[in-house]
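Okay, structure first, notes after.
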Amino acid sequence: MPYQNIQVLQDGAVETITINRPDKLNALNQQTLLELSDAFSAAAVNDATRVVVITGSGNKAFVAGADIGEIQELSPIDAHAFSELGQQVMLGIQHLDKPVIAAINGYALGGGCELALACNLRIAGDNALLGLPEIKLGIMPGFGGSQRLTRLIGAGRALEMMLTGEPVAAGRAEQIGLVNQVVEAGALRDTVSDYAERLARAAPHALHGILDAVNKGADLPLEAGLELETDRFALCCATEDMREGTSAFLEKRKPEFRGC
Ligand code: COA
């Protein structure tokens, strides 16, 4: 599928997806959501990709939200389909069997914040502003924000952000656990790249096991989550990478994981 609104760059094992509508601060219209859906489906089956980074083009915005111009034209039936499309894209990201890092290079508002929430790790530049300001437009989050923000930072803070619509600056976002790390805006690209390279060197089946146990386990009763953990732990022990990792430790050398 040729893309109009996103760019995909493969650099070794790291795939970077850039949302590229800088004149609209990378707002997510329907076309962009379809392209993201396609790109993440492709990343899922691309053996060369071990880690995905998602970011926005320009130095002002990660994503400034769902496209308000499109939202204004939605009938309730269209709105239902638009919300489902956005949620399906976010679920595809959350359940990708490879780590996804959001490089938050500016505004991450509405759908942009929801996109970041669907990623496994969020690294923000110190110019980032994150929020769910939908209330100011007379609407509410529709791409999973009401659910994921609450699970990530707790109902009290999530409700404060959603009911007031006030965004939080990067430093505050780090304090409340909304982002993993804040770095100087100019250092964001290199920091994320280092992070991605590090994850790309890790054992892929073990990464997948952790993602699955945490993402799926979060919605399960403890005993069912523990069972999932046991299954995934046992699967890791069926891999060559487990032999390599444990041997490398005992032989006092660096492991070389091959994903098998
Ligand atoms: N949807 C559609 N277009 C958007 C957009 C969005 N979510 N966010 C920004 N844009 C567009 C603006 O309309 C403007 O387009 P124009 O030049 O054709 O008029 C362009 O992006 C630049 O935005 P602008 O508002 O001029 O930049 P700013 O620096 O003054 O303000 C923001 C930046 C992010 C504070 C402001 O754009 C904003 O509040 N955006 C909406 C955020 C939001 O409510 N998101 C949730 C949507 S559900």
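Each ligand, and each atom within it, is numbered from 1 in the order the structure gives.
Less than 4.0 angstrom separates atom 30 (O) of ligand 1 from none of the non-hydrogen atoms of the protein. Inside a 4.0 Å radius of atom 12 (C) of ligand 1 there is not any protein heavy atom. Taking a distance limit of 4.0 Å, we find that atom 44 (O) of ligand 1 is approached by some protein heavy atom. Distance screen at 4.0 Å: atom 20 (C) of ligand 1 has a protein heavy-atom neighbour inside the cut-off. Protein heavy atoms are found inside the 4.0 Å sphere centred on atom 7 (N) of ligand 1. Per-atom contact check: atom 33 (C) of ligand 1 touches the protein, criterion being a heavy-atom distance below 4.0 Å. Closer than 4.0 Å to atom 37 (O) of ligand 1 lies at least one heavy atom of the protein.
Both Ile54 and Leu152 are members of a single hydrophobic cluster when ILVMFWY side chains are connected at heavy-atom separations under 4.5 Å.
For ligand 1, the atoms closer than 4.0 angstrom to any heavy atom of Leu109 are 34 (C), 42 (C). Here is the list of ligand 1 atoms found below 4.0 Å of a heavy atom in Asp67: 1 (N), 2 (C). Each of the atoms 15 (O), 20 (C), 21 (O) of ligand 1 lies under 4.0 Å from some heavy atom of Asp23.
Asp97 places no side-chain N or O within 3.5 Å of a backbone atom of His208 that could act as its donor or acceptor partner. Counting only distance, with no hydrogens or angles, the side chain of Asn215 and the backbone of Gln94 share a donor-acceptor pair below 3.5 Å.
Contacts between Pro133 and ligand 1, counted as non-hydrogen atom pairs separated by less than 4.0 Å, involve the side chain only.
Distances from atom 2 (C) of ligand 1 to the heavy atoms of Val63, Ile68, Ile139, Leu129 put Ile68 nearest. The residue among Lys60, Lys136, Glu70 with a heavy atom at the shortest distance from atom 28 (P) of ligand 1 is Lys60. Checking Gly112, Gly110, Pro141, Gly142 against atom 46 (C) of ligand 1, the nearest heavy atom belongs to Gly110.
To the nearest 0.5 angstrom, His205 atom NE2 is 10.5 Å from Glu240 atom CD. Atom CZ in Phe62 sits 5.5 Å away from atom CD1 in Ile104 (nearest 0.5 Å).
Residue Arg253 places its CZ atom among more than 12 non-hydrogen atoms of other residues, nucleotides or ligands, all under 6.0 Å distant.
Of the polar atoms of Ala64, at least one N or O is found under 3.5 Å from an N or O of ligand 1, judged by distance alone. For ligand 1, one of its N or O atoms has an N or O atom of Lys24 under 3.5 Å away.
From the protein, the heavy atom lying nearest to atom 23 (O) of ligand 1 is Leu25 CD1, 3.6 Å.
Under 4.0 Å is where a charged nitrogen must lie from a carboxylate oxygen, and between Glu244 and Lys254 no such pair does.
Residues Lys98 and Arg50 share a closest heavy-atom pair of CB-O, 3.5 Å. In terms of heavy-atom proximity, Leu117 sits nearest to Arg122 at O-NH1, 3.4 Å.
A donor-acceptor contact closer than 3.5 angstrom is absent between the side chains of Gln88 and Glu84.
Sorted by first and then second residue, the side chain to side chain donor-acceptor pair (under 3.5 Å) pairs with a member in residues 170-182 read Arg172-Gln175; sequence neighbours excluded.
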